[in-house]
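What follows is one structure encoded as C-alpha cells, with my remarks underneath.
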Amino acid sequence: MDCREFEAKLWAFLDGELDAGACAELRAHLEACPGCLDHYRFEDALRVFVRRCCRESVPETFRRRLFRLIAHLDE
Ligand SMILES: [Zn+2]
C-alpha cells in the first residue's frame with residue numbers, strides 16, 4: 001500500500017467500513033509511515049471534534065485546509 005491508497009481508504013477505516021484484511025494493511029502502513037500516522041491522528045481527532053460539535057460531515061476541502069494549517073503549526 002502506498003500513501004495515496006492509504007489516504008483513499010482512511011475515512012472508511014475510521015468509520016469501521018473496511019474488512020479485517022484491509023484494516024491490517026492500513027495498520028501496517030501506519031507503522032511504516034510517520035506522515036500517514038500524523039494524518040491518521042489528525043483525522044481521528046477531527047472526527048471526534050466534528051461529532052461532538054456539529055454532527056455534520058465536514059467538506060473535504062475544509063478538512064484538507066485545516067490539516068495543512070495544523071501541519072504547518074509543527075514546522
Ligand atoms: Zn504513507
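Just so it is clear, the values below take in all heavy atoms, side chains as well, and ignore hydrogens, waters and symmetry mates. Ligands are counted one by one from 1 in listed order, and the atoms in each one are counted from 1 as well.
Annotation: the span from Cys3 atom SG to Leu10 atom CG amounts to 11.5 Å, rounded to 0.5 Å. Considering CZ of Phe13 and NE2 of His29, their distance stands at 12.0 Å, rounded to 0.5 Å.
Seen from the Zn ion (ligand 1), atom SG of Cys3 and atom SG of Cys36 lie 110° apart in angle, a value rounded to 10°. The NE2 atom of His29, the Zn ion (ligand 1) and the SG atom of Cys33 define an angle of 110° (nearest 10 degrees).
Put simply, His39 stays out of reach of the Zn ion (ligand 1), with no N, O or S atom under 2.8 Å from it.
Ion pairing between Arg64 and Glu7 holds under the 4.0 Å rule for side-chain N and carboxylate O. Between Glu43 and Arg47 no salt bridge is recorded (no basic side-chain N to carboxylate O distance below 4.0 Å).
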